[in-house]
Asks: 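So that we are looking at the same thing, I have put the structure below in structure tokens.
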Amino acid sequence: MIDHQIGRDVHAQSYAMIANYLQERFCDISDCDNRRVLVDASMNPEDIKAELRRRNMSQRDLAEAVGMSENHLSKSLAGKRQFRLVEMDAIRLELAPAPDHQTLRTIPLLGAVPAGKFRPEEQRGGRRIAVSDPSTPPNAYALEVDGDSMDLIVPHGTTIIIDPDDKALWPGRRYIIQTDDGQTTFKEFQADPARLVPCSSNPDHKEIPLGGEPITVVGRVYSYTLRDVDLPRRIS
């Protein structure tokens with residue numbers, strides 16, 4: 001008689017041969033005939049890489065999302081290592097389309113932007129956030145607001161989405177502005193005279209005149225999400 005554990009090992013090796021396909025369900029050795037596996041659609045390494053490009057995701061993003069070693073994922077996508085069945089199942093779940101067949105897009109969260117005086121922007125990579133607005137600009141990225149100089153619009157800690165391709169200054173719109181030495185701030189632009197205006201419950205924040213030193217418009221604030229109760233109340 002064949003030992004039960006050996007039988008399971010043989011079964012696992014056989015089942016792993018089809019691990020490069022999307023499985024409809026996990027294998028249960030007590031109720032499995034891998035000659036009759038139901039397959040949703042094939043997914044080979046090139047399919048996975050194409051889907052990552054379409055979603056603007058890196059291999060690191062996918063590895064972190066499915067709990068897989070980035071090195072193992074890289075080798076598997078290069079054909080130097082075979083995907084394990086559990087890995088392919090996790091990738092299938094991560095890359096599967098939403099029920100309405102629309103994929104939820106993600107954008108990079110690049111760090112924090114000061115909402116106060118000009119100071120260096122905090123950079124930290126590796127994180128992404130989902131965006132549901134289909135009109136979100138193609139090169140958009142997200143920043144977290146650090147400070148209260150704009151808290152009548154967005155409080156400290158709010159995530160804002162930046163359009164780096166929209167740099168035309170218009171009065172009443174909000175922008176990320178940077179000086180030549182890399183100091184950054186998030187403010188509202190107003191003209192006549194050109195200046196950066198705080199929208200704050202804190203009277204310590206003052207307008208910043210423009211024109212004395214060269215500046216760079218990093219991008220316009222495209223959107224932000226917050227609850228109404230997060231905003232401070234105006235004092236009449």
Side-chain angles (χ1 to χ4, degrees), residues 55-57 61 64 102-236:
R55 296 182 181 218
N56 194 26
M57 288 179 68
D61 295 331
E64 291 179 350
Q102 292 184 352
T103 301
L104 192 62
R105 179 184 166 195
T106 65
I107 61 174
L109 175 60
L110 297 184
V113 61
K117 296 180 179 179
F118 278 104
R119 59 185 173 84
E121 181 181 43
E122 179 189 350
Q123 295 289 330
R124 57 178 187 270
R127 294 180 57 195
R128 301 183 71 84
I129 63 170
V131 289
S132 57
D133 182 356
S135 300
T136 300
N139 296 315
Y141 61 88
L143 295 170
E144 289 182 356
V145 175
D146 182 14
D148 64 356
S149 72
M150 295 294 288
D151 68 351
L152 292 177
I153 307 298
V154 289
H156 170 80
T158 299
T159 299
I160 58 177
I161 296 176
I162 311 302
D163 181 2
D165 300 319
D166 187 351
K167 300 183 179 182
L169 289 172
W170 292 90
R173 294 189 177 183
R174 290 111 197 185
Y175 299 86
I176 307 300
I177 305 293
Q178 190 173 69
T179 61
D180 273 359
D181 60 356
Q183 305 286 306
T184 307
T185 192
F186 160 44
K187 290 288 188 297
E188 182 176 284
F189 173 75
Q190 291 293 348
D192 301 325
R195 62 200 189 279
L196 300 177
V197 178
C199 302
S200 178
S201 61
N202 183 352
D204 292 340
H205 295 290
K206 308 299 181 183
E207 295 183 354
I208 302 175
L210 298 180
E213 300 290 338
I215 63 158
T216 298
V217 180
V218 177
R220 183 174 70 85
V221 177
Y222 174 78
S223 66
Y224 36 79
T225 303
L226 70 160
R227 301 174 302 166
D228 180 64
V229 294
D230 289 332
L231 293 175
R233 300 305 176 189
R234 294 179 184 269
I235 300 176
S236 58

Asks: When you compare the side chain of Asp146 with that of Phe186, does any pair of heavy atoms fall below 4.5 Å?
Replies: no

Asks: Quick one: does any side-chain atom of Ser200 pair with a main-chain N or O of Asn202 as donor and acceptor, under 3.5 Å?
Replies: yes

Asks: Just checking, any donor-acceptor pair under 3.5 angstrom between side chains of Asp166 and Tyr175?
Replies: no

Asks: Where is the tightest heavy-atom contact between Arg105 and Asn139, given as atom of each residue plus distance?
Replies: NH2-N, 4.3 Å

Asks: Taking C-beta and beyond as the side chain, do Arg174 and Tyr224 meet within less than 4.5 Å on heavy atoms?
Replies: yes

Asks: Got a second to check how far Glu64's CD is from Met57's CE, nearest 0.5 Å?
Replies: 9.5 Å

Asks: Less than 4.5 Å apart, side chain to side chain, heavy atoms only: is that true for Leu210 and Phe189?
Replies: yes

Asks: Restricting to non-hydrogen atoms, name the atom on Ala191 and the atom on Pro171 that form the minimum distance, rounded to 0.1 Å.
Replies: CB-CG, 3.9 Å

Asks: Has Ser149 got a side-chain atom pairing as donor or acceptor with Ala115's backbone, closer than 3.5 angstrom?
Replies: yes

Asks: Where do Pro214 and Asp180 come nearest, in terms of heavy atoms and distance?
Replies: CG-OD2, 3.1 Å

Asks: Using a 4.5 Å cut-off on heavy atoms from C-beta on, say whether the side chain of Ile129 contacts that of Thr106.
Replies: no

Asks: For the backbone of Ser201 and the side chain of Asp148, can you confirm whether one donor and one acceptor N or O come within less than 3.5 Å of each other?
Replies: no

Asks: Going by atom types alone, do Thr216 and Gln178 pair a side-chain donor with an acceptor below 3.5 Å?
Replies: no

Asks: Name each donor-acceptor pair under 3.5 Å that joins a side chain in residues 154-161 to protein atoms two or more places apart or in another chain, with its distance.
Replies:
residue	atom	partner	partner atom	Å
His156	ND1	Gly147	N	3.0
Thr158	OG1	Pro155	O	2.8

Asks: Answer yes or no: is there a donor N or O on one side and an acceptor on the other, between the side chain of Arg195 and the main chain of Glu207, under 3.5 Å?
Replies: no

Asks: Quick one: does Leu110's side chain get under 4.5 Å of Leu143's, heavy atoms only?
Replies: yes

Asks: Please give me the minimum heavy-atom distance between Val197 and Lys187, naming the atom from each residue.
Replies: O-CD, 3.8 Å

Asks: Restricting to non-hydrogen atoms, name the atom on Asp133 and the atom on Ser135 that form the minimum distance, rounded to 0.1 Å.
Replies: OD1-N, 2.9 Å

Asks: Which atom names give the shortest non-hydrogen contact between Lys167 and Val217, and what distance separates them?
Replies: CD-O, 3.2 Å

Asks: Side chain of Arg220, backbone of Leu169: donor and acceptor closer than 3.5 Å?
Replies: no

Asks: I'd like to know if the side chain of Tyr141 pairs up with that of Arg128 as donor and acceptor (distance under 3.5 Å, no hydrogens or angles considered).
Replies: no

